[in-house]
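The structure appears below as structure tokens.
No experiment lies behind these values; they were computed from the predicted model shown.
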Amino acid sequence: MGGVMEAVGHYWWLIFVFGGSIGGAVKSAAVWNERRAQRRQERYLARQQAKVAQAQLKGADRQDAQARRQELRALQRTHDDVDERWFGFETNLSTLLDFPMMTDMREPLTVDFHKARRRAELTRPVDPETGAPADHVDEIALEVYRDAVHDYATAFDVAEAEARRRRRGDFSAIEQERLAKAQRLLSVAADSGATMAERRAAYERARKELDGLLDIPAPAAEALERGIAGELER
């Protein structure tokens, strides 16, 4: 130890030679340590901010999914409501005879309505596993379905309003008489107070009156068979 101190005593002047370098090195090390601590703090803050952003994104996704689910249900209800209104024509021949334009495919408004109805059916989201109406959907599918339902509802409103305005006005006097006669015959065929022979004859004559005059939708024809022909058989 004494030798070391003696050497220091002899070479004390070296402090002035290397002192600046040593001090600079010490200072640089302090600055480097400070920057390393600062970068560590920045990385920590970045990770925390990323976690917060991810949590906010998940929360926004949940809110968006809930909003889409609510809109989907509202669109499905609108779709079902328009379907019910259409079924009032499609399955009720008596109503259809009052407003025959609803099935007259020569009319552009009728064609537009049926095209829109078909598109709404095709774009309605369904569960791929069960085939039941879907309870959630992505934004793209929702947008397509939204447009289809709005077009369907609008096209039906326009076609129905025009059909009610025209009623049987597009038919000649003779054709209008045939339609009215068919309605009267169908009422007799459905009347449980009439005899079996009267109901059977009325049913057959009503179909003849409508033949070539009015396009009867399949559901209306089936309802006619079940409600009248089926009763005759029993």
Side-chain angles (χ1 to χ4, degrees), residues 75-122 124 126 130-133 148-149 151-234:
L75 289 171
Q76 289 170 336
R77 288 193 296 269
T78 299
H79 191 167
D80 291 341
D81 289 344
V82 180
D83 276 347
E84 285 298 320
R85 293 169 63 192
W86 162 238
F87 294 156
F89 293 95
E90 188 182 36
T91 61
N92 190 325
L93 187 54
S94 180
T95 302
L96 193 58
L97 290 175
D98 282 331
F99 310 105
M101 196 198 93
M102 293 302 290
T103 58
D104 188 350
M105 301 306 288
R106 297 170 300 179
E107 290 291 337
L109 293 179
T110 305
V111 173
D112 291 345
F113 153 63
H114 285 283
K115 284 183 177 179
R117 181 172 67 89
R118 182 59 176 163
R119 181 167 178 261
E121 291 175 354
L122 292 175
R124 182 166 189 158
V126 297
T130 64
V149 170
D151 289 346
Y152 177 33
T154 301
F156 181 84
D157 286 342
V158 172
E160 183 187 35
E162 184 64 10
R164 292 186 180 281
R165 185 185 71 82
R166 294 187 189 182
R167 296 183 70 87
R168 301 174 185 172
D170 293 336
F171 292 85
S172 67
I174 295 176
E175 290 172 335
Q176 290 187 39
E177 178 56 32
R178 288 177 59 188
L179 290 173
K181 185 176 181 180
Q183 273 189 320
R184 292 193 297 269
L185 291 168
L186 290 173
S187 296
V188 174
D191 184 5
S192 60
T195 66
M196 187 63 69
E198 289 173 337
R199 296 175 68 184
R200 181 181 293 109
Y203 170 69
E204 292 175 353
R205 289 174 60 194
R207 292 304 300 263
K208 288 180 181 179
E209 290 292 342
L210 295 175
D211 186 29
L213 184 63
L214 183 68
D215 291 328
I216 303 176
E222 292 171 2
L224 187 66
E225 295 291 340
R226 288 195 304 268
I228 299 175
E231 288 293 330
L232 293 177
E233 291 300 326
R234 286 195 292 272

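Heavy-atom minimum distance, Ala155 versus Ala116: CB-CB, 4.0 Å. Closest approach of Thr110 to Met102, counting heavy atoms only: CG2-O, 3.4 Å. In plain terms, the two heavy atoms of Gly169 and Gln176 that are nearest each other are CA-NE2, 4.2 Å.
Annotation: cation-pi pair Arg164/Phe99 present, NZ/CZ under 6.0 Å from the ring centroid and within 45° of its normal.
Under 4.0 Å is where a charged nitrogen must lie from a carboxylate oxygen, and between Arg165 and Glu162 at least one such pair does. Between Arg77 and Glu84 no salt bridge is recorded (no basic side-chain N to carboxylate O distance below 4.0 Å).
Remark: Asp98 CG to Phe89 CZ distance equals 9.0 Å, nearest 0.5 Å. Separating the OG1 atom in Thr103 from the CG atom in Leu97 is a distance of 9.0 Å, to the nearest 0.5 Å. One finds the CZ atom of Arg119 at 5.5 Å from the CG atom of Asp151 (value rounded to the nearest 0.5 Å).
Residue Arg205 qualifies as open at atom CZ: its count of foreign heavy atoms under 6.0 Å is 12 or below.
Inter-residue side-chain proximity for Trp86 and Glu160 is flagged as unmet; no heavy-atom pair is nearer than 4.5 Å. In this structure, the side chains of Leu210 and Leu93 come closer than 4.5 Å at one or more pairs of heavy atoms. With contacts defined as side-chain heavy-atom distances shorter than 4.5 Å, the pair Asp80/Arg124 qualifies. Annotation: side chain of Leu186 is not in contact with side chain of Glu209 (no heavy-atom distance under 4.5 Å). By the 4.5 Å heavy-atom criterion applied to side chains, Glu90 and Phe87 are counted as neighbours.
Thr91 contributes no side-chain N or O that, together with a main-chain N or O of Pro219, makes up a donor-acceptor pair within less than 3.5 Å. With hydrogens and angles disregarded, no donor-acceptor distance shorter than 3.5 Å links the side chain of Arg117 to the backbone of Asp83.
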Working for side chain to side chain contact (heavy atoms under 4.5 Å, CB included), residues Phe171 and Leu213: CA-CA 9 Å; Phe171 292 85; Leu213 184 63; 4.0 Å; yes
Between Asp170 and Asp104, does the side chain to side chain contact (heavy atoms under 4.5 Å, CB included) criterion hold? Intermediate values first, please. CA-CA 11 Å; Asp170 293 336; Asp104 188 350; 5.8 Å; no
